[in-house]
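Taking it in order: structure first as structure tokens, then the write-up.
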2 protein chains.
Amino acid sequence: MPKVGMEPIRKAALVRATIAEIGNTGSLDVTVSQIAKRAGMSSALAHHYFGSKEQIFLAAMRHILTLYGAEVRGALAAADGPRGRLIAVIRASFSGGSFRREAVSAWLNFYVMSQIKPEAMRLLLVYQARLRSNLIHDLRPLVGDRAPMLAEGLGAMIDGAYLREALKSGTPDRIRAAEMVLDFLNTELERGA
Amino acid sequence: MPKVGMEPIRKAALVRATIAEIGNTGSLDVTVSQIAKRAGMSSALAHHYFGSKEQIFLAAMRHILTLYGAEVRGALAAADGPRGRLIAVIRASFSGGSFRREAVSAWLNFYVMSQIKPEAMRLLLVYQARLRSNLIHDLRPLVGDRAPMLAEGLGAMIDGAYLREALKSGTPDRIRAAEMVLDFLNTELERGA
DNA sequence: ACGTTTATTGACTCATCAATCAAGAAAACA
DNA sequence: TGTTTTCTTGATTGATGAGTCAATAAACGT
């Protein structure tokens, strides 16, 4: 019973299923059939809409990065002053949308993918550049020349927190993860002031 | 012209080739044939000595962790006082042996592997526990109750630095990476004192 | 009513690879 | 010398999975 205008619906379902399946399996060794099955369709249809497995993966990665970007933008809009904005960016990095188990695991695998697929690398570099830019922008008025180095360290700590969550079983503790990073930030700011 | 006593030599060659090949490819999608070829033997021989691809991977992972452990032990032996020991542990984490491009890339892939293979997870948890234990032991006399939280943060930053190096092309800058983490440590210690 | 576009799948192709096996050749041993 | 053990590989098997294709069917336009 074919309906019309299925394309965006199917694509969205496949993207969701891909993230779930990667998070579940814990690796990129996921077959198109598995993804399609979870999304409720045949593997042939998945190929019909995306053309290749790689395109499906890239769409999933874009989706995760888009979610994250929206989260950060929203948090920044509601924040006040450099310090408030820094806190917002860090909190947003550990917000519910991007810090769910499956998303964290998928994220880790996208790092691996970026070592192989240039397009994935590109996407990841965009994310890193945006994070660094955000951090430096608001660190500069507070710590001056130390801003770039601090941004690097905070960025690394955020990524590392993700990495470590990917290993733990059970629900990620996003409050604790955020507090850990904020704690370091506070110490640095006290010193700078 | 078969010689005798080849087993340890072959195994070592395979382990080295595995790390090189994973680092080179940037993923675990490496065939036994590729590894064997780089190690200068047939794939059948690799299976003969290791039994399965998974065992080859695990041996490679053990090797990397052993290298790292030795590096840390050595650095600790030459260090003095809590502060000196902390610096030693951090520096060792970025020492030449474990921070070469191929090793970093392989390391990242072992994280992925640990999501699938329990034995790999076990190995990684041993590494994490040892790092945490080392850090907390020497942080305690300097910062008291904040030690566990700080250790967590430093550990995350170290892992994050690895993660980020895996992406960059070119030789990893181990001095800079170590300085970044040491910088955070210093700030925290100044505050604690 | 009828051709066209969109949706959908089962069946198939083709390549890849882990793992096995039989067999050869050199050393060790009796 | 002959037998056993160690080392080694080419060839083969068996499974798996990405991507293709032909065919079906519903909606849409005319």
Side-chain angles (χ1 to χ4, degrees), chain A residues 1-22 24-61 106 109-110 112-113 116-120, chain B residues 1-22 24-61 106 109-110 112-113 116-120:
Chain A
M1 31 215 126
K3 293 160 192 173
V4 126
M6 282 281 95
E7 177 156 352
I9 296 165
R10 293 303 199 185
K11 280 192 164 182
L14 282 168
V15 161
R16 251 187 299 120
T18 301
I19 294 168
E21 205 64 30
I22 291 179
N24 209 48
T25 312
S27 90
L28 296 174
D29 281 338
V30 173
T31 70
V32 175
S33 297
Q34 281 169 33
I35 295 171
K37 187 172 183 182
R38 184 183 282 250
M41 70 194 83
S42 74
S43 71
L45 194 54
H47 275 104
H48 173 64
Y49 282 126
F50 276 104
S52 76
K53 187 177 171 175
E54 180 174 347
Q55 290 305 313
I56 301 178
F57 279 169
L58 286 174
M61 191 169 165
N109 278 282
F110 289 145
V112 168
M113 189 160 89
I116 317 164
K117 314 284 182 183
E119 175 65 9
Chain B
M1 39 211 139
K3 293 158 194 173
V4 128
M6 283 281 95
E7 176 155 354
I9 296 164
R10 293 302 199 183
K11 280 191 163 182
L14 284 168
V15 161
R16 251 187 300 121
T18 302
I19 294 168
E21 204 65 29
I22 291 178
N24 210 46
T25 312
S27 91
L28 297 175
D29 281 338
V30 173
T31 71
V32 175
S33 298
Q34 281 170 31
I35 295 171
K37 186 172 184 182
R38 184 183 283 252
M41 70 195 82
S42 74
S43 71
L45 193 54
H47 276 102
H48 172 66
Y49 282 125
F50 276 106
S52 75
K53 186 177 173 176
E54 180 173 349
Q55 290 305 314
I56 301 179
F57 279 169
L58 287 174
M61 190 167 165
N109 278 281
F110 290 145
V112 167
M113 190 160 91
I116 317 164
K117 313 284 181 183
E119 174 65 7

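This is a predicted model, so every value here is computed, not measured. Residue numbering restarts at 1 for every chain, and letters A, B, ... go by the order of the sequence lines.
Computed from coordinates, the Gln55(B) CD to dA18(C) C1' distance equals 14 Å when rounded to whole Å. Note: CD (Glu54(A)) to P (dG19(D)) measures 9 Å, nearest angstrom. Atoms NZ (Lys53(B)) and C1' (dT16(C)) sit 11 Å apart, rounded to a whole Å. Atoms CG (Leu28(A)) and P (dA18(D)) sit 12 Å apart, rounded to a whole Å. Taking atom CG of Leu14(B) as the reference point, atom P of dA18(C) lies 13 Å away to the nearest angstrom. Per the geometry, NZ belonging to Lys11(B) stands 14 Å off P belonging to dT8(D), to the nearest Å. The nearest whole Å value for the distance from the CD1 atom in Ile35(B) to the C1' atom in dA18(C) is 12 Å. Atom CD in Glu7(B) sits about 16 Å away from atom C1' in dA27(C), given to the nearest Å.
The distance from the CE atom of Met6(A) to the CE atom of Met41(A) is 9.5 Å, given to the nearest 0.5 Å. Rounded to the nearest 0.5 angstrom, Ile19(B) CD1 and Asn109(B) CG are separated by 12.0 Å. Here CG of Leu28(A) is found 6.5 Å from CE of Met113(A). Values are rounded to the nearest 0.5 Å.
Contacts between residues 36-51 of chain B and DNA chain D, defined by a heavy-atom separation below 4.0 Å, involve Met41(B), Ser42(B), Ala44(B), Leu45(B), His48(B), Tyr49(B), listed by number.
Evaluation of the side-chain contact (heavy atoms from CB on, under 4.5 Å) rule for Glu7(A) yields Lys11(A), Tyr49(A) as partners, not counting sequence neighbours.
Residues Lys53(A) and Ile35(A) have side chains not in contact (no heavy-atom distance under 4.5 Å, counting atoms from C-beta outward).
Residue pairs meeting the side chain to side chain donor-acceptor pair (under 3.5 Å) criterion with at least one member in residues 30-46 of chain A, sequence neighbours excluded, are Glu21(A)-Arg38(A).
Here Arg10(B) reaches the OP1 or OP2 of dT8(D): one of its side-chain N or O atoms lies under 4.0 Å away.
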